[in-house]
Amino acid sequence: MAAMYVDIVTPDDAALPGALLTEITGVYASAQAFHELTGDFPDAGDIRVPQVAAALADELSVPGSVVHLARVRGELVAVAVTLDHHPADPDDPDPWIGLLLVHGERRREGHGRALAGHLAARFREAGRTGLRLAVLDTDTAALTFWQALGYVPVDHRPDLRRGRQCTVLRLPLAASREGRAEAGAAAGES
């Protein structure tokens, strides 16, 4: 797999240009099955730029949120959203992955694994000791994916937006030098 470059968008950044929003919308629209599970869009088969712009604005309204745009050879292949802290639990010390989407035409190529590795390395380098995320209980493919990456279930609770049942998973980030090197290599870093 070619090296992955990850750019970030923070709440401090100006509005996203139209061409970039169109690219990001392509990633969102290609994840129809995921959006059918989440119900985050009124019509999972017809996701439009204004809807994605609103979703991203909502994500970026949370303090400490970052949107990660993963590119391979200039092509946007994946999008992730992270939070420095859980928005409703100030006692939770871990950052969170709020979303990770791989373009539907680029799945099964290792891009999700690489981006997940990049996110883990980023937080590990920042001195964080764990990384969490919540997966809808009905999304068995996502549960399998994250557990294969070493995330372990630590809680079961409803999500904040709609009260849907989720499994909370956590990846310990304190690792040996070898583990950090492997995570960096998975993210395409040298």
Ignoring hydrogens and geometry, is there a side-chain-to-backbone donor-acceptor pair from Arg162 to Gly39 under 3.5 Å? yes
Approximate separation, where rounding is to 0.5 Å, of Gln32 CD and Phe41 CZ: 12.0 Å
Note, Leu100 side chain near Trp146 side chain (heavy atom, < 4.5 Å): yes
Would you please say whether a donor-acceptor pair under 3.5 Å links the side chains of Glu109 and His111? yes
Is the side chain of Arg124 donor-acceptor paired with the backbone N or O of Leu173 at a distance under 3.5 Å, no angle test? yes
Taking the side chain from Asp92 and the backbone from His86, do they hold a donor-acceptor pair closer than 3.5 Å? no
Phe34 and Leu136, any side-chain heavy atoms less than 4.5 Å apart: no
Is there a donor-acceptor pair under 3.5 Å between the side chain of Arg164 and the backbone N or O of Thr38? yes
For Glu75, does the CD atom sit with more than 12 other heavy atoms under 6.0 Å from it, leaving out its own atoms? yes
Do Glu59 and Ser61 make a side-chain contact, defined as non-hydrogen atoms from C-beta onward lying under 4.5 Å apart? no
What do you reckon, is CZ of Arg157 surrounded by more than 12 foreign heavy atoms closer than 6.0 Å? yes
Main chain of Thr144, side chain of Gln147: is a donor-acceptor contact present, judged purely on distance under 3.5 Å? no
Nearest 0.5 angstrom please: Ile47 CD1 to Ser30 OG, how far? 8.5 Å
Give me the one residue out of Thr82, Leu171, Leu133 that meets side chain to side chain contact (heavy atoms under 4.5 Å, CB included) with Leu119. Thr82
Does the side chain of Glu23 come within less than 4.5 Å of Thr25's, by heavy atoms? no
Return the CG to CG distance between Asp139 and Leu37, rounded to the nearest 0.5 Å. 5.0 Å
Could you go through Asp137 and His156, starting from their C-alpha distance and side-chain angles, then the distance that decides it, and tell me whether this counts as side-chain contact (heavy atoms from CB on, under 4.5 Å)? CA-CA 9 Å; Asp137 287 349; His156 192 261; 2.3 Å; yes
Using the rule that Ile, Leu, Val, Met, Phe, Trp and Tyr join whenever any side-chain heavy atoms are under 4.5 Å apart, tell me whether Ile97 and Val77 fall into a single cluster. yes
Considering non-hydrogen atoms only, spot the tightest contact between Ser65 and Pro11 and give its length. O-CD, 3.1 Å
Are any of the side-chain heavy atoms of Asp84 and Arg128 separated by less than 4.5 Å? yes
Of all heavy-atom pairs between Arg170 and Gly130, which one has the smallest distance, and what is that distance? NH2-CA, 3.3 Å
Just checking, any donor-acceptor pair under 3.5 angstrom between side chains of His85 and Asp94? no
Tightest non-hydrogen contact, residues Arg71 and Leu76, listed as NH1-N, 3.5 Å
I'd like to check Leu69 versus Val9 (side-chain heavy atoms, cut-off strictly below 4.5 Å). Are they in contact? yes
When you group the ILVMFWY residues by side-chain heavy-atom contacts below 4.5 Å and let the links chain together, are Val49 and Leu20 in the same group? yes
Is there a continuous path of hydrophobic side-chain contacts, each under 4.5 Å between heavy atoms, that joins Val27 to Val52? yes
Return the orientation label for the Tyr28 and His35 ring planes: parallel under 30°, perpendicular over 60°, tilted otherwise. parallel
Please evaluate residues Thr167 and Leu143 with respect to the criterion side-chain contact (heavy atoms from CB on, under 4.5 Å), reporting the C-alpha separation (whole Å), side-chain torsions for both, the decisive distance (0.1 Å), and the verdict. CA-CA 8 Å; Thr167 299; Leu143 285 167; 3.8 Å; yes
Closest heavy-atom pair, Pro42 versus Gln51, reported as atoms and distance to 0.1 Å, is CD-NE2, 3.5 Å
For residues Val168 and Leu149: do they belong to one hydrophobic cluster (side chain heavy atoms under 4.5 Å, members Ile, Leu, Val, Met, Phe, Trp, Tyr)? no
Measuring from Tyr151:OH to Arg132:CZ, what's the distance to the nearest 0.5 Å? 12.0 Å
Out of the candidates Val67, Ile24, Thr22, only one should pair with Leu16 under the side chain to side chain contact (heavy atoms under 4.5 Å, CB included) rule; please name it. Ile24
Would you mind reporting whether Pro95 and Arg122 have side-chain heavy atoms less than 4.5 Å apart? no
Check: Val6 and Leu115 side chains under 4.5 Å, non-hydrogen atoms: yes
I need the Leu169 CG to Asp155 CG distance, nearest 0.5 Å. 10.0 Å
Distance (rounded to the nearest 0.5 Å) between Thr10 OG1 and His68 NE2: 10.5 Å
Is there a path from Val102 to Val72 through hydrophobic residues (I, L, V, M, F, W, Y) whose side chains come within less than 4.5 Å of each other? yes
